[in-house]
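Take a look at the structure set out below.
The basis for the numbers below is simple: all heavy atoms, side chains too, and nothing from hydrogens, waters or symmetry mates. Order of the sequence lines sets the chain letters (A, B, ...), proteins ahead of strands, with each chain counted from 1.
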Amino acid sequence: MEDVKPQLERALAEAIAILGVSDPEISIQEVPEDKPGDYGTPVAFTLARSLRRNPATIAQEITSRIELPPGIARVETSGPYINFVVDVASFVASVVESALEPSPHDKKVVIEHTSVNPNKEAHVGHLRNIVLGDACGRILQADGFEVEVQNYIDDTGRQAAESFFAVRYFGKDFDGAEKYDHWLGRLYVELQSAKESDAETIEQGVREVMHQLERGELREEVERVVHSQLQTSYQLGVEYDLLVWESDVVHSGFLKRGLEVLEQSPYVSHPQDGKYAGAMVMDVAEFIPGLEESTVVLVRSDGNAMYVAKDIGYQFWKAGIFEGLLYQPFDSQPSGKTLYTSSPRGETHPSGRTFAHGEEIVNVIDVRQSHPQTIVRTALALSGTEEGTKAYQSSQHLAYEVVTLEGRPMSGRKGITLSIDEVIEEAARRARAVVEEKNPGLSNIDRVAHQVGVGALRFGMLKSEARRIIDFRWEQALSLQGDSAPYVQYAHARACSILRAAQAQGLSADDPDWSQLGPLEVRLAQVITRLPGVVRTAAQELAPHIVAQYCLDLATAWNAYYNHKDAEGRYDTQVLKSQSGLREARLALVEKVKTTLATALSLLGIESPEEM
RNA sequence: GCGCCCGUAGCUCAGCCGGAUAGAGCGUUCGCCUCCGGAGCGAAAGGUCACAGGUUCGAAUCCUGUCGGGCGCACCA
């Protein structure tokens with residue numbers, strides 16, 4: 001049996017057609033707790049206008065004419081609302097037997113996230129980026145897209161140069177006492193204060209290092225930081241398909257070719273005199289109205305390209321308009337999946353793989369970069385070329401708000417940060433303390449503590465909308481109860497526990513008698529069956545928080561079911577104590593709850609331990 | 001100044017392509033383990049959905065304006 005909602009829509013549409021209205025907008029919603037029925041619609045309201053009749057009468061009429069689809073027991077009106085009552089047995093059975101099958105789009109999405117400057121350890125601001133990007137990738141995949149995750153390495157930037165210069169300046173050698181990225185980050189911060197007394201020497205030195213970086217001479221050092229930073233991602237359960245190095249992007253000629261495309265645009269020019277003499281500029285006034293200064297510099301008068309210009313080349317490549325990068329394996333990730341990297345010494349199709357060529361492009365970048373992001377996209381559009389239009393249409397910026405620390409903005413420069421590594425460690429430590437208390441005998445306690453701690457962290461970053469500022473506070477971020485991952489994980493573990501007990505007693509979900517189920521099971525099944533719609537919406541809107549909220553809904557519904565009592569105050573949903581037939585049906589439902597919780601959590605990159 | 005985002009319970013947030021008495025968590029108060037996991041459940045208290053207009057049978061949701069708050073407006077990224 002297919003989903004009830006589309007079936008109800010169709011049946012309603014047919015009944016409404018008899019009344020002389022074609023193609024009405026019909027919304028089917030779950031009926032509130034204390035109202036009759038399971039699914040309902042306010043469609044009679046909408047019809048009242050065009051039919052110029054009382055909505056309640058219309059509802060009556062539709063109700064009397066409608067042909068009920070299979071699985072619907074009856075229909076009734078509640079004033080102007082039309083409510084349907086599902087047939088308990090067939091409804092729950094169909095929900096239990098349904099599978100979350102993505103409708104394949106046959107479409108590739110290239111999603112870029114993480115992109116931490118390779119000069120320091122990642123902090124909790126980056127945590128949001130990493131987790132958000134990772135969750136979007138998982139959700140898009142679940143919705144049927146082919147997903148390629150890219151991590152951009154800005155190896156020619158000033159920040160990297162400063163860190164590597166700091167090593168020389170202070171005459172340090174890495175002794176392995178701490179993580180390499182942390183060590184480098186500390187020197188970076190120290191260099192900032194050293195600038196106060198020795199600005200000129202430092203500036204000159206940093207420039208030298210920048211040139212070295214551009215020539216690719218410090219590749220090994222940069223790779224060392226990247227490897228170090230990747231350990232953090234792996235701890236979070238995050239992996240990538242490809243690292244793209246800025247130096248490779250430049251050396252592959254993408255910058256030059258991007259500029260060539262833009263040259264064709266009437267909005268791009270080379271002023272001979274005035275403020276922008278000698279530069280290559282673009283006028284975006286027509287596309288971004290209201291700007292005080294609508295001239296954007298693409299190439300400086302000294303001949304150096306702006307970031308915007310480089311990014312344009314990069315975006316073209318992502319869309320598959322340019323080719324020319326070479327690739328090679330970079331790391332074997334925890335799952336066993338090979339991580340590739342762009343490289344001057346690679347091949348075009350390592351192991352037969354093709355990178356980029358995204359039909360959709362998602363850039364996970366914080367909201368403060370919205371303006372430059374808009375300019376990049378606008379440039380693509382006003383190039384007036386087919387390629388530019390394609391790249392413009394296929395790319396979108398997932399702008400998320402920043403993470404503050406106890407109400408204050410983070411600053412890498414000033415060293416006001418909190419590293420992800422530190423937070424993960426503390427999260428696991430706290431989780432471990434609780435597990436030890438609640439479940440002393442647990443064998444793989446460290447692993448479970450990590451799953452719970454990291455789960456709590458990730459969930460905290462994902463449960464509210466991306467455009468919301470998150471103020472990081474330990475108590476909230478690592479909360480193990482309430483609106484949290486551990487709450488959901490606990491609900492999952494509880495279901496597992498029942499299934500384990502059933503197995504120990506030699507019980508299985510075979511031969512269920514669905515007809516013995518009642519409204520309590522229907523309510524739970526209704527929540528279970530929402531998942532496919534949740535995934536679709538979350539994918540369309542790039543909004544993992546929708547999935548997070550769903551996890552909470554399902555865990556809450558399951559916990560409420562589990563704890564339900566009858567009028568005399570006795571538990572009336574105990575699976576294993578139910579009579580035969582009912583017991584098997586409930587076992588099957590619990591099994592479905594378990595897998596649905598685990599699936600939903602996995603879309604957020606959160607693991608579901610069987611015991612905790 | 002211009003642009004974008006936000007304003008829902010004491011605090012942190014869902015709900016926002018219009019629909020049934022506005023929902024959670026934290027905190028406060030009261031109940032629930034002779035019962036498959038109490039990291040749980042039930043209940044109470046707590047709301048001019050910033051404000052003012054408008055559209056509509058119906059507005060937290062859409063439109064306009066106002067007031068608060070955040071961010072952005074470089075030959076940086």
Expected output is a numbered-order residue list: members of [range] with a heavy atom under 4.0 Å from any atom of RNA chain B. What is it?
range	result
residues 579-596 of chain A	none
residues 297-307 of chain A	V297(A), R300(A), S301(A), M306(A), Y307(A)
residues 443-466 of chain A	S464(A), E465(A)

So what does [X] hit on the nucleic acid, given a heavy-atom distance under 4.0 Å: a base, only sugar-phosphate, or nothing?
X	answer
T46(A)	base
V367(A)	nothing
V435(A)	base
Q549(A)	sugar-phosphate
A491(A)	nothing
N117(A)	nothing
E611(A)	base
Q29(A)	base
T537(A)	nothing
V281(A)	nothing

As a test of reading the structure: which of [options] is closest to the side chain of [X], going by heavy atoms?
X	options	result
L576(A)	rA39(B), rC36(B), rC57(B)	rC36(B)
A279(A)	rC75(B), rG7(B), rA20(B)	rC75(B)
D483(A)	rA24(B), rG40(B), rC36(B)	rA24(B)
Q369(A)	rA77(B), rC32(B), rC36(B)	rA77(B)
D154(A)	rG72(B), rA77(B), rA20(B)	rA77(B)
I498(A)	rG37(B), rC41(B), rU21(B)	rG37(B)
L480(A)	rG7(B), rA39(B), rC73(B)	rA39(B)

How many whole angstroms separate atom [atom1] of [X] from atom [atom2] of [N]?
X	N	atom1	atom2	answer
L554(A)	rG23(B)	CG	P	20 Å
N563(A)	rG38(B)	CG	P	7 Å
N54(A)	rC57(B)	CG	C1'	10 Å
D366(A)	rC4(B)	CG	P	19 Å
Q373(A)	rC4(B)	CD	C1'	14 Å
E475(A)	rG27(B)	CD	P	11 Å
R49(A)	rU56(B)	CZ	P	8 Å
R368(A)	rG72(B)	CZ	C1'	10 Å

Legend entry - Nearest-nucleotide 5' precedence on RNA chain B, D471(A) against S497(A):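 The residue closer to the strand's 5' end, by nearest nucleotide, is D471(A).
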
Inset, instruction - Starting from the 5' end of RNA chain B, give me the residue, A431(A) or S27(A), whose nearest nucleotide shows up first. - result: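 Between the two, 5'-proximity favours S27(A).
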
Is any NZ, NE, NH1 or NH2 atom of the basic residue among [X] and [Y] found under 4.0 Å from an Asp or Glu carboxylate oxygen of the other?
X	Y	result
K594(A)	E610(A)	yes
R523(A)	E33(A)	yes
E465(A)	R467(A)	yes
R207(A)	E203(A)	yes

Does [X] put a side-chain nitrogen or oxygen below 4.0 Å from OP1 or OP2 of [N]?
X	N	result
R494(A)	rG38(B)	yes
H545(A)	rG15(B)	yes
K438(A)	rA39(B)	yes
Y81(A)	rG58(B)	no
R467(A)	rC5(B)	no

[N] pairs with, by Watson-Crick or G-U criteria that keep both distances under 3.5 Å:
N	result
rC11(B)	rG25(B)
rG53(B)	rC63(B)
rG68(B)	rC6(B)
rA20(B)	none
rG40(B)	rC32(B)
rG1(B)	rC73(B)

Legend entry - K195(A), NZ atom: more than 12 neighbouring heavy atoms under 6.0 Å: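 Enclosed.
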
Legend entry - CD/E406(A): more than 12 non-hydrogen atoms of other groups inside 6.0 Å: yes

Legend entry - Y562(A)-rG40(B) aromatic stacking (under 5.5 Å, under 30°): no

Inset, instruction - Please answer whether rG58(B) and F45(A) are stacked, defined here as ring centres separated by less than 5.5 Å and planes angled under 30°. - result: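 So no, this residue does not stack on that base, at least one cut-off failing.
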
Legend entry - Beyond-backbone contact of P24(A) with T46(A), side-chain heavy atoms, under 4.5 angstrom: no

Inset, instruction - Using a 4.5 Å cut-off on heavy atoms from C-beta on, say whether the side chain of V296(A) contacts that of V281(A). - result: no

Legend entry - Donor-acceptor pair (no angle test) under 3.5 Å: Q481(A) side chain, rG40(B) base: no

Inset, instruction - Answer with yes or no whether N83(A) presents, from its side chain, a donor or acceptor under 3.5 Å of a partner atom in the base of rA20(B). - result: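 Such a pair exists between side chain and base.
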
Inset, instruction - Could you check W558(A) against V590(A) for side chain to side chain contact (heavy atoms under 4.5 Å, CB included), going step by step and ending with a plain yes or no? - result: CA-CA 9 Å; W558(A) 159 232; V590(A) 171; 3.9 Å; yes

Legend entry - Over-ring placement of R128(A) relative to Y400(A), 6.0 Å and 45° cut-offs: no

Inset, instruction - Please report the closest heavy-atom contact between A48(A) and P55(A), naming both atoms and the distance. - result: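 A48(A) and P55(A) have their closest heavy atoms at CB-CD, 3.9 Å.
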
